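In what follows, a structure is listed as structure tokens, so that the remarks can point back to it.
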2 protein chains.
Amino acid sequence: MMNQIKRLRDHGVLVTPQRIAIAEYILKTKAHPHADAVWVHVRRRHPTISRATVYNTLNLFVEKGLVKAQPITGGAVIFDPNVRRHHHFIDEKSGIIYDLPWEAVKVTAERGLSGFEVREYQVVLRGRRRRR
Amino acid sequence: MMNQIKRLRDHGVLVTPQRIAIAEYILKTKAHPHADAVWVHVRRRHPTISRATVYNTLNLFVEKGLVKAQPITGGAVIFDPNVRRHHHFIDEKSGIIYDLPWEAVKVTAERGLSGFEVREYQVVLRGRRRRR
DNA sequence: TCTAACCTTAGATATATTCTAAATGCATGA
DNA sequence: TCATGCATTTAGAATATATCTAAGGTTAGA
């Protein structure tokens, strides 16, 4: 508990009971939960916490580098008519998604993948498109 | 237009005017639109088309291999307390997301990336977790 | 042409997230 | 310690994305 408080302070986060409760869960879990799942979990011991607080807090934690938001499953999807294997580059300023040819990067399995039967994979790159 | 009709039939899709209109747009665009954006676009020339038809049709096109759904931007996100560089493996049966160590795969730029300033990247793998 | 199977529609529902405005809480300076 | 000002929390509404429902319409093949 004290560790979490120090950790929040070290990241420039003003400490409140709600934020401690959220940190206790999200900084330790391996479950990769959605924000609403965090809300459901935290309410077990903190029944009056509001949805907005959980969303605000998680976004704050992302901003402060305590957690990372990953848009890799769930609801929102985009549709791509390119059904051949390819990778994606996302321009962080504009949000524009570029298809990269499969040959643009080479991916090699190194170690620790024996427990996983890989059916497909892609590299998702983020950064800035250079003006030409 | 005839090309699209043939293409739909070849993929086992029953052809309707609505599906042609959606195919005309989604099979050619490079914009990586969300389903609702497709709806807005298609309504310009097909004002009575319903949202459900667009969503149903896009899901059908995915099932038939005409397009691919990519959950790489937008609304729904999961939160990961692992803020070091790492990759992700998604078990397609259970939906469980596993963190893979950065060293599990090696990624090498090959060609065609000169226009892109890459700030970060990750490999997203999908398949089945083997039981041990 | 007939018909069984399939498709489309409007609107409701579900899910994930953000916004709003009012109330409350926290940290700092006197 | 206490007042002050700014940040945080709250409930509920709003927005965005996706799916479901049930009634009616369309398609392809016999």
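Just so we're on the same page: letters track the sequence lines, and every chain starts at 1. Computation of the quantities below employed the complete heavy-atom set of this structure, encompassing side-chain atoms and omitting hydrogens, waters and symmetry-equivalent molecules. In this text the structure is predicted, and so the values were computed from the model without any measurement.
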Inset, instruction - Send over the distance from B/Gln70 CD to D/dA18 P, rounded to a whole Å. - result: 13 Å

Inset, instruction - Round to a whole Å and report the spacing from CG of A/Asn56 to P of C/dT20. - result: 12 Å

Inset, instruction - Could you tell me whether B/Arg126 sits above the aromatic face of A/Tyr121, with NZ or CZ closer than 6.0 angstrom to the six-membered ring centre and within 45 degrees of the axis? - result: no

Inset, instruction - Establish, with yes or no, whether the OP1 or OP2 oxygen of D/dT9 is under 4.0 angstrom from a side-chain nitrogen or oxygen of A/Thr48. - result: no

Legend entry - Salt bridge present between A/Glu117 and B/Arg128 (N-O < 4.0 angstrom): no

Inset, instruction - Flag the pair A/His88 / A/Leu100 as yes when at least one side-chain heavy-atom distance between them is below 4.5 Å, and no otherwise. - result: no

Legend entry - Options C/dC6, D/dT8, D/dT17, nucleotide nearest the side-chain atoms of B/Arg51: D/dT17

Inset, instruction - Pick base, sugar-phosphate or nothing for B/Ala52, based on heavy-atom distances below 4.0 Å to the nucleic acid. - result: base

Inset, instruction - Answer with base, sugar-phosphate or nothing: what part of the nucleic acid does B/Pro71 contact at a heavy-atom distance below 4.0 Å? - result: nothing

Legend entry - Between P of D/dT8 and CZ of A/Phe61, the distance in whole Å: 11 Å

Legend entry - Nucleotide nearest A/Ser50 when distance is taken to its side chain, options D/dT10, C/dC26, D/dC20: D/dT10

Inset, instruction - Would you indicate which nucleotide in D/dT19, C/dT18, C/dA16 comes nearest to any side-chain atom of B/Asn59? - result: D/dT19

Inset, instruction - Check every atom of D/dA28, C/dT8, D/dA7 against the side chain of B/Arg19 and return the nucleotide holding the closest atom. - result: C/dT8

Legend entry - Residue A/Ala35, side-chain atoms from C-beta onward, closest of C/dC7, C/dT17, D/dT9: C/dT17

Inset, instruction - Pick base, sugar-phosphate or nothing for B/Thr16, based on heavy-atom distances below 4.0 Å to the nucleic acid. - result: sugar-phosphate

Legend entry - Length of the line joining B/Leu58:CG and D/dT17:C1', which is rounded to integer Å: 13 Å

Legend entry - Distance, rounded to the nearest Å, where A/Glu63 contributes CD and C/dT18 contributes P: 13 Å

Legend entry - Side-chain heavy-atom pair B/Val67, B/Leu27 within 4.5 angstrom cut-off: yes

Inset, instruction - Please check the phosphate of D/dT19 (OP1 and OP2 only) for any side-chain N or O of B/Tyr55 closer than 4.0 Å. - result: no

Inset, instruction - On the 0 to 90° scale, with breaks at 30° and 60°, tag the B/Tyr25-B/His41 ring pair as parallel, tilted or perpendicular. - result: parallel

Inset, instruction - Calculate the interatomic distance between B/Arg9 atom CZ and C/dC7 atom C1'; express it in whole Å. - result: 15 Å

Inset, instruction - Side-chain contact test, heavy atoms from C-beta onward, threshold under 4.5 Å: evaluate it for B/Val105 versus B/His87 and give yes or no. - result: yes

Legend entry - Phosphate contact (D/dT26 OP1 or OP2) by B/Gln18 side-chain N/O below 4.0 Å: no

Inset, instruction - To the nearest Å, give me how far apart NZ (A/Lys64) and P (D/dA7) are. - result: 12 Å

Inset, instruction - Return the value, rounded to whole Å, for the distance between atom CG of A/Asp36 and atom P of D/dT15. - result: 19 Å

Inset, instruction - Report the nucleotide, chosen from C/dT8, C/dT17, C/dC6, that has the shortest atom-to-atom distance to any side-chain atom of B/Leu14. - result: C/dC6

Legend entry - Residue mapping more 5' on DNA chain C - nearest nucleotide basis, B/Ile49 or A/Val15: B/Ile49

Legend entry - B/His34, nearest nucleotide to its side chain (from D/dT17, C/dA27, C/dT17): D/dT17

Inset, instruction - Report the residue (B/Leu60 or B/Ala76) whose heavy-atom-nearest nucleotide on DNA chain C is the more 5′ of the two. - result: B/Leu60

